[in-house]
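Sequence lines set the chain letters: A, B, ... in the order given, protein chains first and strands last, and positions in each chain run from 1.
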2 protein chains.
Amino acid sequence: MKPVNKQVYKYRAEILKALAHPLRLAIVDYLGDGEKCVCDIIDYLGEKQSNVSRHLSLLRQTGIVDTRKEGLNVYYSLKFPCTNNFFSCVDNILQRQHEEKKAVLKQL
Amino acid sequence: MKPVNKQVYKYRAEILKALAHPLRLAIVDYLGDGEKCVCDIIDYLGEKQSNVSRHLSLLRQTGIVDTRKEGLNVYYSLKFPCTNNFFSCVDNILQRQHEEKKAVLKQL
DNA sequence: ATATTATATTATAATTTGGTAATATAGTAA
DNA sequence: TTACTATATTACCAAATTATAATATAATAT
């Protein structure tokens with residue numbers, strides 16, 4: 001494997017790692033609805049403020065979301081361009097997983 | 001957030017976590033070329049056998065790859081349906097990241 | 001100025017993940 | 001049978017990730 005490729009995989013892995021957490025996926029999905037302030041996101045997730053804030057900052061660092069400050073509030077929005085395609089791909093794997101499990105059970 | 005959604009995000013996160021590693025991304029990319037035996041993959045990656053084997057088994061467990069045994073060799077192949085769309089989405093974010101960094105530097 | 005509110009950051013402890021060496025398994029060959 | 005080869009699994013330690021509590025910051029209001 002070429003060193004250049006190695007580097008590309010490393011970069012891609014960073015993006016995927018940033019998405020690979022239930023709360024962060026929930027945030028991304030929630031923001032699909034449009035810009036939200038942190039307080040909304042905290043309410044929606046029902047998680048501790050510091051926890052949500054840390055996940056948000058990771059998403060921002062990675063360039064998946066954008067922020068805008070207005071008074072005391074900070075508004076987060078998606079910069080992630082292709083949520084639908086992306087997740088339908090993931091869900092496709094999930095469906096297969098499920099079908100395989102069903103097939104195994106059928107054999108009993 | 002509904003508990004059902006929570007579960008979906010957890011499942012999705014598991015798939016993404018399985019992909020979110022440089023070596024595993026390299027494997028997925030390499031398999032895009034067609035079925036390969038473990039020995040080929042080890043050579044390609046230049047990593048320890050046990051390490052490669054562990055990454056492969058994770059990919060299999062998650063349903064991202066499939067295996068077929070032939071004599072002493074085990075052949076791995078992609079079950080992942082939409083590599084191109086998927087990664088172009090990730091690369092899109094990487095490009096934006098890069099452009100933003102460039103823009104920041106320009107301001108000096 | 002002080003108080004209040006929304007959000008971010010830091011420190012910490014628990015858990016998970018990653019790499020390696022050693023060992024196990026399973027197929028083939030002699 | 002024994003030996004050999006390809007791959008998988010296990011046990012171990014180091015490093016990264018996570019959630020929480022505590023603290024800090026920054027904008028507004030009094």
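- Distance from the side chain of Cys37(B) is smallest for dT7(D) among the nucleotides dT9(C), dT7(D), dT9(D).
- Lys17(B) meets the side chain to side chain donor-acceptor pair (under 3.5 Å) test with no other residue; sequence neighbours excluded.
- Straight-line distance from the NE2 atom of His21(A) to the P atom of dT16(C): 11 Å, rounded to whole Å.
- Geometrically, Lys69(A) does not engage Tyr75(A) in a cation-pi contact defined by less than 6.0 Å to the ring centre and at most 45° from the axis.
- Both Leu72(A) and Asn51(A) sit near DNA chain D, but only Asn51(A) has its closest nucleotide nearer the 5' end.
- Judged by distance alone, the side chain of Arg24(A) and the main-chain N or O of Ala18(A) form a donor-acceptor pair under 3.5 Å.
- Put simply, Asn73(A) has no side-chain N or O that comes within less than 4.0 Å of OP1 or OP2 on dA27(D).
- Note on Tyr76(B): only backbone sugar-phosphate atoms sit closer than 4.0 angstrom, heavy atoms only; bases stay farther off.
- Atom CD in Gln49(A) sits about 13 Å away from atom C1' in dA19(D), given to the nearest Å.
- Between the OH atom of Tyr75(B) and the P atom of dG27(C) there is a distance of 15 Å, given to the nearest Å.
- For the atom pair CG of Leu25(A) and CG of Asp29(A), the computed distance is 8.0 Å after rounding to the nearest 0.5 Å.
- The separation between Leu56(A) atom CG and dT18(D) atom P is 14 Å, rounded to whole Å.
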